[in-house]
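Heads up, the thing below is written out as structure tokens.
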Amino acid sequence: MRKTLLLALTSSLLLGEVEISGHFDITSQFYLTKPDSKHQNSFTAKQILELKYEKDEITAFVKLYAQEAYYDLKGSSEQTKRSFARIDEAYLKYDRDNDAFEIGKSIKFWGALELRNIVDGFNPNELRDDLFITNKLGVWNSSYTYFTDNGEFSVILKLFEQDQKMAESPYVYYIFPDAVNYNHNLSTSKGELRPSIYLTYSGSTDTQYPIDYAFIYENGYDSQRYFSQVVNNPYSYVQNAYLVEKFMTYNTMVIDATLIKLEALYAVVKDDLYVGDYSHVALGLEHTLEDIYDGSSLGLISEYYRYDTYEDNKYTDLQLFETMQNDLFIGARYSFNNTNSSSIIGGVVYDLEYIEQTYYAKYESQIADNFKLEVDYYFIEPSKKEKTAFSLLGQHQRVGVNVAYYF
Amino acid sequence: MIKTFTLLLSSLTTLLALTNLEVAQKSDDVMSGFKDSSSIMSMQLINARGQEKTRTMAMKVLEGDGEDKSLMEFLTPADVKGTKFLSYEHTQKDDDQWLYLPALKRVKRIASKNKSGAFMGSEFSYEDISAFNVKKYKYSGDAKEGLLNKKAVYIGKSVPISKYSGYTKLKTWIDKETFLVQKIEYYDRKKQLLKTAIFTNYKQFGTINRIGKITMKNIQNDKTTILTWSNQKINTGLKSKDFHKRYLKK
């Protein structure tokens, strides 16, 4: 009895120091233009719970994610397999004066651009959710970081490659034809336990026009994947991971009220039958105009993306479903700077080669102390002449509403 | 005789009068020397209809010669909890500023050229909340003496040097005895009165003073922001490396 009490007391004391936060949200999406066989709408509830414990130089962090889709509660023909729970992060970090060591499952961010971060490939994205949002899967890894006065150097070891499950038809963002099913067991060239190593160096210059820079070298599995038919089953596809040596950089330079951004990568592919060496470069400009009206600000954004492959008789951007191969993004962000922190961001992405357009706009605002509202609109006009990723989706128009409660 | 005495008295008064620059320098002196500080800052936003929103932030500041470093972490509201703002102020070039967005685990560089931008949706601009330094303003002439709430004050004016400032003039009321700022009027680029700030609840740490409350009222849009500091500590031993970018992600 005494032991039980002691345990309960210790637990409650420990829990008292644990910081708990998270949110619960409901998203409703209505697809105004979509293929006949797909659902007209989707209703998804999500919950994120974060637990953080800090004592001296140790930090323990856990992030749990759960998602429930309305159609999964209905009959089997309607189900889209979009309901699940997962551990996004669960790591221990030991932070000292000039260095830090971390082990566990975690999410990292690399990049500088606004529309898409082409170098941000450490964590795969969830394929059972809206394809237009970032919903990263945690990755088991360990890392060591040494901090200099103006920067940091890290060695990161990704411990294994994980499978990626996908939503099923009739969910509108199931990317294969209805007759094709997706086998989620990842096919790898050297086994899932072959680790990937990353060396990163980042910092800031103390110059008149300062630059935030980062360089990354990777030896391991590429974040770009391709799909292939399962042997002896033409109606089943698997995802393939292959090895690369990859050189990446992302940078931001500040000139007056303008940010100049560069993300670039070059991948040397090791002996894959279908994928050859490739590069991806993106350049961005962001200029902010302050005090437009009643304290509001307007950010003007333009970004250009270019993807190239360098080996004949291997997959091109079309087979690899690369959507940003020769694309120009023109957008704007209007921040009302009001008590509800309201903002509107929107823009258009032009595919200069395949003549595709994507228009989008998103409004977000607090609606009460702990509630937030997001409304978005997307319209995609896919290529009429090439079999691009968007042409598989067809002409697409959607309106989405998200209401979130934060705690 | 009377004429001579009046002339002498007038000359003496002129000799004893403080210039606007001297008053500003003395005001800076009584607020400086804290080395570093940590506090909780509450930001109360009140719109023209009287609706209120409150945000709280944990603040750390490292004092420099007009080049303070500061790290601010949002504690409430819940949807922005964990958002951090890191700033290195500079007198000879633009400030370095970064924002950390915890939902994305992303550190974003911010362009800081335009100092007139609203700070976190409040009636304070970035230049209002940055460290005061006399080098950032032009002063001319003697400070006038006057009364504010029955207290003797110096009434001075200063003109921002930066062409990116949102103001053409600041009119300042400084306590004649303590040299603590009591009130500032901010005039916009059209030379119209834009905002009025009232400074109260100063807290004294030995010879050093720290502000406790600033009420900023925008005269043109009728919105008000009240900043209140609590749990203030100074000289806690913070070092430059405590303001490294790594602490944005910690």
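Naming convention: chains lettered A, B, ... in sequence-line order (proteins, then strands); numbering from 1 in each chain. Owing to the predicted nature of the structure, the values given are computational and were not obtained by experimental measurement.
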Contact leader toward chain A among [options], where contacts are heavy-atom pairs under 4.5 Å:
options: D79(B), L104(B), L45(B); answer: D79(B)
options: R106(B), K249(B), K81(B), E123(B); answer: R106(B)
options: A118(B), G166(B), S122(B); answer: A118(B)
options: K241(B), E52(B), M120(B), R55(B); answer: R55(B)
options: G82(B), A111(B), A103(B); answer: A111(B)

Segment of [X] engaging chain B (4.5 angstrom heavy-atom cut-off):
X: S202(A); answer: neither
X: E152(A); answer: side chain
X: D149(A); answer: backbone
X: S297(A); answer: neither
X: S106(A); answer: neither
X: S343(A); answer: neither
X: E50(A); answer: neither
X: T339(A); answer: both

Handout entry: Which atoms of K250(B) approach chain A - backbone, side chain, both or neither, heavy atom under 4.5 Å
Key = both
Winner by heavy-atom pair count (cut-off under 4.5 Å) against chain B, out of [options]:
options: A404(A), P210(A), S342(A); result: P210(A)
options: G295(A), S341(A), S296(A), G203(A); result: S341(A)
options: L259(A), T252(A), N338(A), D291(A); result: L259(A)

Problem - Salt bridge flag under 4.0 Å for residues E286(A) and K261(A) - result: yes
Problem - Sub-4.5 Å side-chain heavy-atom contact between L170(B) and K157(B) - result: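 Side-chain contact under 4.5 Å: no.
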Problem - F122(A) side chain reached by I156(A) side chain, heavy atoms, under 4.5 Å - result: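 Contact flag for I156(A)/F122(A) side chains = yes.
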Problem - Sequence neighbours excluded - salt bridge (charged side-chain N to carboxylate O under 4.0 Å, His left out) pairs with any residue from residues 183-197 of chain B - result: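 Of all non-adjacent pairs touching residues 183-197 of chain B, those that pass salt bridge (charged side-chain N to carboxylate O under 4.0 Å, His left out) are D128(B)-K195(B), K183(B)-E185(B).
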Fill in the blank from the handout: Applied to residues 95-105 of chain B, the salt bridge (charged side-chain N to carboxylate O under 4.0 Å, His left out) test, sequence neighbours excluded, yields E89(A)-K105(B), K93(B)-D96(B), D96(B)-R109(B)
Practice task
Under the ring-ring contact (aromatic ring centres under 6.0 Å, His included) rule, what do Y202(B) and W229(B) come out as? Steps first, then yes or no, please.
Solution key: CA-CA 10 Å; Y202(B) 279 100; W229(B) 283 264; 9.9 Å; no
Exercise for the section: Can you see which heavy atom on V181(B) is nearest to which on S27(B), and at what distance? Expected result: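 That would be CG2-OG, 3.4 Å.
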Exercise for the section: Please report the closest heavy-atom contact between K213(B) and I226(B), naming both atoms and the distance. Expected result: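 Smallest interatomic distance, heavy atoms only, reads CE-CG2, 3.6 Å.
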Practice task
Check whether NZ of the Lys or CZ of the Arg R86(A) lies under 6.0 Å from the centre of the six-membered ring of Y65(A) and within 45 degrees of that ring's axis.
Solution key: yes
Exercise for the section: Check whether NZ of the Lys or CZ of the Arg R210(B) lies under 6.0 Å from the centre of the six-membered ring of F205(B) and within 45 degrees of that ring's axis. Expected result: no
